[in-house]
Chemist: 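Structure incoming, see below.
Note that these values count all heavy atoms, side chains included, but never hydrogens, waters or copies made by symmetry. None of these values were measured; they are calculated from a predicted model.
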2 protein chains.
Amino acid sequence: MPSVLIVDDELAIRDMVRMALEMDEFVCLEAGSAKDAHSIIVDDNPDVVLLDWMLPGGSGIDLLSRLRSEDLTREIPVIMLTARVAEEHIVRGLEKGADDYITKPFVPRELIARIRTLLRRSKPELNAERYQVGELVLDGTSHRVFAGSILIDLGPTEFRLLLFLMKHPERVYSRAQLLDHVWGANVYVEERTVDVHIRRLRKALQLPSTDYSKLVQTVRGAGYRFSPLGTGFS
Amino acid sequence: MPSVLIVDDELAIRDMVRMALEMDEFVCLEAGSAKDAHSIIVDDNPDVVLLDWMLPGGSGIDLLSRLRSEDLTREIPVIMLTARVAEEHIVRGLEKGADDYITKPFVPRELIARIRTLLRRSKPELNAERYQVGELVLDGTSHRVFAGSILIDLGPTEFRLLLFLMKHPERVYSRAQLLDHVWGANVYVEERTVDVHIRRLRKALQLPSTDYSKLVQTVRGAGYRFSPLGTGFS
DNA sequence: AAAAATTTTTACATTTTGATGACAAACTCG
DNA sequence: CGAGTTTGTCATCAAAATGTAAAAATTTTT
């Protein structure tokens with residue numbers, strides 16, 4: 001389970017964020033000052049740091065600089081928390097090496113979505129994998145899908161959809177779940193849209209030679225499932 | 001049809017929001033004060049609450065706190081309505097446990113999108129368990145039923161019915177109980193309908209090789225029971 | 001054995017749900 | 001800037017699932 005360090009001088013904010021994150025899928029660490037934060041980072045090596053920009057004495061900036069200057073901590077993803085107004089802070093923060101920022105106030109869900117995105121980026125091994133079922137190959141590194149030697153052309157969304165499905169075969173996902181995992185947790189999209197993209201994906205998987213679309217199965221009343229079972233592939 | 005409670009002291013605002021929501025999508029309830037709101041919530045259990053933050057006497061905050069502190073209402077999604085300026089209110093609101101916020105003035109379309117997103121989050125996902133009796137396997141994750149290596153095709157209701165029965169074997173359930181547990185507590189359906197679905201389930205469990213339908217047993221005058229005992233399975 | 005009670009089947013109208021094609025808005029890339 | 005993609009939404013069609021009523025079958029009671 002990924003760990004997140006929350007750096008903010010206000011206890012209330014820390015609590016809120018912790019509440020939101022622990023409900024989901026993260027372990028939380030907390031620090032009320034830049035100094036504490038640095039010790040914890042060195043000690044516990046969290047996967048992501050949430051850093052309030054407005055720490056007393058401008059020490060948030062300093063902490064980021066320091067993290068980026070030391071080999072041990074250079075790679076740790078940092079998300080800035082800033083007030084909405086302070087745009088120049090955002091620019092400065094990104095210059096100093098923050099990986100993302102989020103303006104207060106924010107909805108917990110949005111924060112979670114961004115953390116996930118960062119984790120995905122910083123742990124590429126999770127993403128750049130290669131999945132294969134029969135002759136169907138999805139190569140995360142090259143971002144390509146092959147059926148044997150034939151290149152299958154997919155739109156970005158269809159690619160992500162197939163990636164997600166192939167990553168979790170033999171498992172039904174409701175439209176809501178697919179929206180959360182493939183589209184992202186903070187988007188407002190109709191559930192029926194999933195149907196359409198499933199269709200586009202299937203269409204692309206229908207080759208004159210072989211019909212891979214059977215791998216993407218409808219489970220009436222429940223959602224969709226990727227499964228080689230009973231299709232002749234596997 | 002999902003119900004939405006609109007809490008705002010200004011009638012004009014309530015009407016506007018209601019208008020936007022009632023376009024054949026949501027049922028609206030209204031409350032002009034925190035007090036009314038609480039009664040309505042307890043009484044009618046709306047699916048989402050739209051809560052104006054600026055209720056007279058700051059009672060919006062109190063209402064949210066109260067909702068979050070009681071078991072009955074803790075899970076109800078709350079969207080805050082706030083004036084654009086009052087950012088610190090948003091932070092406070094999110095701390096107190098609001099699920100989302102939207103600043104006035106807002107576009108109806110956005111409001112609807114957010115409500116829908118919240119709704120799809122709050123609906124429970126399917127049971128992902130696995131039950132096995134003899135060669136008969138029900139896998140909740142993939143939403144499939146096998147008899148040995150043969151796939152059994154069930155409609156959604158038959159699937160839920162079998163899931164429930166396998167979950168509680170050796171126990172008789174009356175038709176009324178089955179309706180409650182499998183169909184849901186507040187649906188009005190004829191009791192005889194259960195018979196029909198039991199029949200459909202049995203039919204599906206009748207394979208040329210093995211007849212699993214004996215597992216679903218009739219208890220005359222009482223209801224039905226799932227039991228491997230004395231059937232040669234188990 | 002007839003009647004009554006209860007369950008099983010069948011048949012069918014209605015409702016739900018998913019597939020599909022079309023379209024306009026948003027986005028991308030040269 | 002524009003031509004070509006990609007995306008989300010909608011309207012429509014087809015298929016599947018559902019609930020009900022009623023007939024048939026079974027078991028229990030009288």
Side-chain angles (χ1 to χ4, degrees), chain A residues 143 145 151-163 172-180 182-184 186-206 211 213-225, chain B residues 1-2 23-25 107-110 112-114 116-117 120 123 126 143 145 152-163 172-180 182-184 186-206 211 213-225:
Chain A
H143 229 254
V145 179
L151 180 64
I152 295 182
D153 189 37
L154 293 180
T157 306
E158 280 74 56
F159 183 85
R160 272 179 291 138
L161 185 55
L162 181 60
L163 172 61
V172 177
Y173 288 97
S174 68
R175 293 177 175 73
Q177 287 175 310
L178 288 174
L179 283 177
D180 278 357
V182 177
W183 273 255
N186 49 353
V187 280
Y188 309 119
V189 180
E190 286 287 327
E191 292 206 347
R192 289 278 143 224
T193 300
V194 175
D195 296 32
V196 177
H197 283 275
I198 287 280
R199 170 178 156 279
R200 286 170 182 158
L201 175 56
R202 280 176 175 158
K203 205 171 190 177
L205 292 178
Q206 245 157 14
D211 182 6
S213 70
K214 283 176 293 189
L215 291 166
V216 180
Q217 302 165 356
T218 303
V219 182
R220 220 155 216 275
Y224 296 97
R225 169 182 59 202
Chain B
M1 200 154 52
M23 295 298 221
D24 200 277
E25 245 202 292
V107 192
R109 162 135 193 71
E110 190 186 351
I112 290 174
R114 292 187 181 226
R116 284 210 279 242
T117 303
R120 78 167 195 248
K123 75 182 157 198
L126 307 157
H143 221 264
V145 178
I152 296 182
D153 193 36
L154 294 180
T157 305
E158 281 74 58
F159 186 89
R160 284 198 312 268
L161 186 55
L162 179 59
L163 173 60
V172 182
Y173 288 97
S174 68
R175 294 177 175 73
Q177 286 176 310
L178 288 173
L179 282 177
D180 273 2
V182 177
W183 273 254
N186 36 18
V187 268
Y188 174 65
V189 189
E190 287 291 322
E191 292 209 342
R192 288 281 140 227
T193 300
V194 175
D195 297 32
V196 176
H197 282 277
I198 287 280
R199 147 103 192 340
R200 287 171 181 156
L201 175 56
R202 281 175 174 157
K203 202 171 189 180
L205 292 179
Q206 245 156 15
D211 182 7
S213 71
K214 283 176 292 188
L215 291 166
V216 180
Q217 302 163 357
T218 303
V219 181
R220 205 158 222 273
Y224 296 97
R225 169 181 57 202

Chemist: B:Pro156: what forms a side-chain contact (heavy atoms from CB on, under 4.5 Å) with it, not counting sequence neighbours?
Modeler: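 If we apply the side-chain contact (heavy atoms from CB on, under 4.5 Å) test to B:Pro156, skipping adjacent residues, the hits are B:Arg160.
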Chemist: Under the side-chain hydrogen bond (donor to acceptor under 3.5 Å, both in side chains) rule, collect the residues that match up with A:Arg192, sequence neighbours excluded.
Modeler: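 A:Arg192: side-chain hydrogen bond (donor to acceptor under 3.5 Å, both in side chains) contacts with A:Asp195.
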Chemist: Between A:Asp195 (CG) and C:dT17 (C1'), how many Å, whole number?
Modeler: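 Going from CG in A:Asp195 over to C1' in C:dT17 covers 9 Å.
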Chemist: For B:Ala113, what residues pass the side-chain contact (heavy atoms from CB on, under 4.5 Å) criterion, not counting sequence neighbours?
Modeler: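 Here the qualifying residues are A:Tyr188.
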Chemist: With a 4.5 Å heavy-atom cut-off, do B:Tyr173 and B:Arg225 have their side chains touching?
Modeler: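 With C-beta onward as the side chain, the pair stays apart.
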Chemist: Among residues at least two apart in sequence or on other chains, which ones pass salt bridge (Lys or Arg N to Asp or Glu O under 4.0 Å) with A:Glu190?
Modeler: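 With neighbours one apart ignored, the set is B:Arg116.
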Chemist: Using side-chain heavy atoms (C-beta onward) and a distance below 4.5 Å, is B:Gln217 in contact with B:Val172?
Modeler: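 B:Gln217 does not reach B:Val172 side chain to side chain.
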Chemist: Taking atom P of C:dG18 as reference, at what distance in whole Å does atom CD of A:Gln217 sit?
Modeler: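 Going from A:Gln217 (CD) to C:dG18 (P), I get 15 Å.
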Chemist: Starting at atom CZ of B:Arg202, determine the distance to atom C1' of D:dA25, rounded to an integer number of angstrom.
Modeler: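 Whole-Å distance recorded here is 14 Å.
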Chemist: Which residues pass the side-chain hydrogen bond (donor to acceptor under 3.5 Å, both in side chains) test with B:Thr193, sequence neighbours left out?
Modeler: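 Checked B:Thr193 against side-chain hydrogen bond (donor to acceptor under 3.5 Å, both in side chains); zero matches.
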Chemist: Specify whether B:His197 and B:Trp183 have parallel, tilted or perpendicular ring planes, treating 30° as the upper limit for parallel and 60° as the lower limit for perpendicular.
Modeler: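 Taking B:Trp183 first and then B:His197, their aromatic rings stand perpendicular (interplane angle over 60°).
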Chemist: Go through the structure and list residues passing ring-ring contact (aromatic ring centres under 6.0 Å, His included) with B:Tyr224, not counting sequence neighbours.
Modeler: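 Partners of B:Tyr224 under the ring-ring contact (aromatic ring centres under 6.0 Å, His included) test: none.
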Chemist: Please give, in whole Å, the distance from D:dG8 P to B:Ile112 CD1?
Modeler: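 These atoms are roughly 19 Å apart.
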Chemist: Applying side-chain hydrogen bond (donor to acceptor under 3.5 Å, both in side chains), can you list everything that pairs with B:Arg220, at least two apart in sequence or on another chain?
Modeler: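 With sequence neighbours excluded, B:Arg220 shows a side-chain hydrogen bond (donor to acceptor under 3.5 Å, both in side chains) to no residue whatsoever.
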Chemist: Any base atoms under 4.0 Å from A:Phe159, or only sugar-phosphate, or nothing? Heavy atoms, all strands.
Modeler: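 It contacts nothing in the nucleic acid.
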Chemist: Give the B/S/- string for nucleotides 13-23 of chain D, one per nucleotide from 5' to 3', where a protein heavy atom under 4.0 Å of the base yields B, of only the sugar-phosphate yields S, and otherwise -.
Modeler: --BSSBBBB--
Chemist: Just the table, please: protein N/O against nucleotides 26-30 of chain C N/O, every pair under 3.5 Å.
Modeler:
none

Chemist: Report yes if a side-chain nitrogen or oxygen of A:Arg199 is closer than 4.0 Å to either non-bridging phosphate oxygen (OP1 or OP2) of C:dG18; otherwise report no.
Modeler: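 So the side-chain polar atoms of A:Arg199 never come under 4.0 Å of the phosphate oxygens OP1 or OP2 of C:dG18.
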Chemist: Check this one for me: any side-chain N or O of A:Thr218 less than 4.0 Å away from OP1 or OP2 of C:dA19?
Modeler: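 So the side chain of A:Thr218 is within the cut-off, an N or O lying under 4.0 Å from OP1 or OP2 of C:dA19.
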Chemist: Send over the distance from A:Lys203 NZ to C:dG18 P, rounded to a whole Å.
Modeler: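 Whole-Å distance recorded here is 20 Å.
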Chemist: So if I take the C1' atoms of five pairs at each end of the helix from C:dA1-D:dT30 to C:dG30-D:dC1 and get each local axis, what angle do the two axes make, rounded to 10 degrees?
Modeler: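 Taking the rotation axis at each end, their angle is 30°.
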Chemist: Return all side-chain donor-acceptor pairs below 3.5 angstrom for residues 198-205 of chain A, not counting sequence neighbours, or 'none' if the list is empty.
Modeler:
unit_1	atom_1	unit_2	atom_2	d
A:Arg202	NE	A:Val216	O	3.1
A:Arg202	NH2	A:Val216	O	3.0
A:Arg202	NH2	A:Thr218	OG1	2.7

